[in-house]
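Everything below concerns the one structure shown next.
Start at 1 and go down the list; that is how both ligands and their atoms are numbered.
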Amino acid sequence: MESSKIRGLVAATVTPMKENGEINLSVIGKYVDYLLNVQGVRIVFVNGTTAEGLSLTTEERKQLAEEWVKQAVGKLDQVIVHVGSLCLKEAQELAAHAAEIKAGAISVVAPSFLKPPNKDALISFLREVAAAAPSVPFYYYHIPKLTGITTIRMEDLLVGIKSKIPTFQGVKFSDTDLLDFGQCVHKYESEKFTFLYGVDEQLLGALAMGAHGAIGSTYNYIGKTTNDMLAAFKSKDFEKARKIQCLMQEFFSYVISHGFMVGETKAIMSVASNIPMGPPRLPLQETSNEYLTQIIVLMKSLGLL
Ligand SMILES: CC(=O)N[C@@H]([C@@H](O)[C@H](O)[C@H](O)CO)[C@@H](O)CC(=O)C(=O)O
C-alpha cells in the first residue's frame, strides 16, 4: 500500500470479536466498505487503543493487520498499524511484520508498565522498534492519560528526532494539552512532520492550532459529521465548524460523564454500521442494553445517527 502523508480523518478501528471472545476477521471487508461509503473515512488505525491492541496476542495482531491491509487494497488510502508493546522484542516483531505486509505506516505507544525513566530512554526504545521496519513511516503515539507517562512533552521529544529515527513522520497526539500540540506544529513546521490529533471532542481547537488530521474512535460512526466540520473549517466557515463541534460535544458530554470506553464504542458501532463488532475483551466490560438505548436515542435526536 502507498505510504503518503496522512491528512484528514483516520478511524481508530475496533477489533470485531465473536461472542466467544475470538477475533472475527470475516466482517473486516464490510467494515472497510462502511467507513468508505457511509462515513467518508479513507484511513484506518489498526490494533490501537480502541482496537484493544495491547489485549490481543501477537498472532491475533498479525492476523488483523494482514486482513485490514488485504481488505483495504483499492479502497482505502492507508492502513496504519500500531505495533507498540510492553516488550521491545514483540514490538520489533510486529514492526517487521507490518513492513512485510506493506502497511502504510506504523505507530508505537510508550511501554507503560516498566516505563521509560526519561525522554532519551523513550527515544532509544522507539528507535529500536522503528529500525525493525526501516522503510515504513513511523508515528509516535502520545496518550499520557493511558500510559501514565506525563512528564515527557512532545515539544521536547521532537528535538533532533529525525537524526535518531530516520523514518520518523509525526505524532498521534491524544492529549488535551494544546500548548504542547501548538508548539510541536509551530516549531517543527520546516521538518514537514504530520500532527494527528486524538481527542475527538475538541478537534476544532487542534485544527486552529494546525492539526493536519485526526485519529479517533468516534470517526468510525460520526466520521461524516466530522468531515463536514473539517470542510467548514477549510472553507473558513468557522461559525459552521463551531456549531458542528458543539453539536458533537453534546454527545461527548453525555457519554463521557456516564461512561465511555471500548464497550460503548463497539456497541454504538454495531448499531450504526449493522456489523456485529461483539463484546470487548476482559478486563473491559460490555455496555448494558439500557445505557446503549439512551445513547442511541440521544444520537438520533442530535442527527448523529
Ligand atoms: C483514550 C481514547 O480512547 N482516546 C481515543 C479518542 O478517540 C476518544 O475515544 C474520544 O476522544 C472520546 O473521548 C483515541 O485517541 C484513541 C485512539 O486513537 C486509538 O484507539 O488508538
Side-chain angles (χ1 to χ4, degrees), residues 6 8-16 31 35 39 41 43-56 61 64-65 68 78-85 91 94 98 103 105-110 112 139-150 154 170-178 181 194-207 211-223 225-226 229 245 247-269 272 277 280-281 283-285 287 295 298-299 304:
I6 295 169
L9 288 192
V10 181
T13 58
V14 298
T15 292
Y31 194 162
L35 288 175
Q39 300 298 338
V41 170
I43 308 176
V44 289
F45 188 79
V46 174
N47 292 341
T49 305
T50 307
E52 306 167 83
L54 294 175
S55 306
L56 300 169
R61 292 175 71 170
L64 283 155
W68 276 103
Q78 207 165 141
V79 175
I80 311 167
V81 180
H82 172 249
V83 301
S85 167
L94 289 167
I106 57 169
S107 182
V108 177
V109 75
S112 58
Y139 290 82
Y140 176 56
Y141 183 178
H142 178 55
I143 186 157
K145 199 171 98 185
L146 293 189
T147 60
I149 300 165
T150 53
M154 289 308 94
V171 179
K172 167 180 173 0
F173 194 105
S174 285
D175 187 39
T176 52
D177 184 350
L178 287 178
F181 185 78
T194 295
F195 294 100
L196 302 163
Y197 196 61
V199 185
D200 313 3
E201 48 275 42
Q202 55 186 59
L203 171 58
L204 185 57
L207 289 177
H212 299 106
I215 302 185
S217 68
T218 62
Y219 309 137
N220 281 296
Y221 51 84
I222 52 175
T225 311
T226 311
M229 182 177 84
Q245 180 75 92
L247 178 92
M248 292 192 290
Q249 280 187 337
E250 285 194 44
F251 157 74
F252 285 118
S253 187
Y254 182 80
V255 292
I256 288 169
S257 59
H258 288 79
F260 186 61
M261 287 187 74
V262 176
E264 283 70 42
T265 299
K266 285 184 130 169
I268 296 168
M269 187 52 184
M277 297 302 176
R281 184 166 286 180
L284 297 183
Q285 296 289 297
T287 197
I295 297 175
L298 173 68
M299 290 183 76
L304 295 177

Looking at every heavy atom in both [X] and [Y], which two are closest together, and how far apart are they?
X: Leu54; Y: His82; result: CD2-CE1, 4.5 Å
X: Thr147; Y: Ser112; result: O-CB, 3.4 Å
X: Glu264; Y: Met261; result: OE1-N, 2.7 Å
X: Tyr219; Y: Leu35; result: O-CD2, 4.3 Å
X: Val46; Y: Val79; result: CG2-CG1, 3.8 Å

Are a donor atom and an acceptor atom from the side chains of Tyr141 and Thr49 found within less than 3.5 Å of each other? yes

Could you pull out every N or O of ligand 1 that sits under 3.5 Å from a protein N or O, with the distance for each pair?
unit_1: ligand 1; atom_1: 7 (O); unit_2: Asp200; atom_2: OD1; d: 2.9
unit_1: ligand 1; atom_1: 7 (O); unit_2: Asp200; atom_2: OD2; d: 3.0
unit_1: ligand 1; atom_1: 7 (O); unit_2: Ser217; atom_2: N; d: 2.8
unit_1: ligand 1; atom_1: 7 (O); unit_2: Ser217; atom_2: OG; d: 3.4
unit_1: ligand 1; atom_1: 9 (O); unit_2: Ser217; atom_2: OG; d: 2.8
unit_1: ligand 1; atom_1: 11 (O); unit_2: Asp200; atom_2: N; d: 2.9
unit_1: ligand 1; atom_1: 11 (O); unit_2: Asp200; atom_2: OD1; d: 3.3
unit_1: ligand 1; atom_1: 11 (O); unit_2: Glu201; atom_2: OE1; d: 2.6
unit_1: ligand 1; atom_1: 13 (O); unit_2: Glu201; atom_2: OE1; d: 3.2
unit_1: ligand 1; atom_1: 13 (O); unit_2: Glu201; atom_2: OE2; d: 3.0
unit_1: ligand 1; atom_1: 15 (O); unit_2: Ser174; atom_2: OG; d: 2.9
unit_1: ligand 1; atom_1: 15 (O); unit_2: Gly198; atom_2: O; d: 2.7
unit_1: ligand 1; atom_1: 18 (O); unit_2: Lys172; atom_2: NZ; d: 2.5
unit_1: ligand 1; atom_1: 20 (O); unit_2: Thr49; atom_2: N; d: 3.3
unit_1: ligand 1; atom_1: 20 (O); unit_2: Thr50; atom_2: N; d: 2.6
unit_1: ligand 1; atom_1: 20 (O); unit_2: Thr50; atom_2: OG1; d: 2.5
unit_1: ligand 1; atom_1: 21 (O); unit_2: Thr49; atom_2: N; d: 3.0
unit_1: ligand 1; atom_1: 21 (O); unit_2: Tyr141; atom_2: OH; d: 2.7

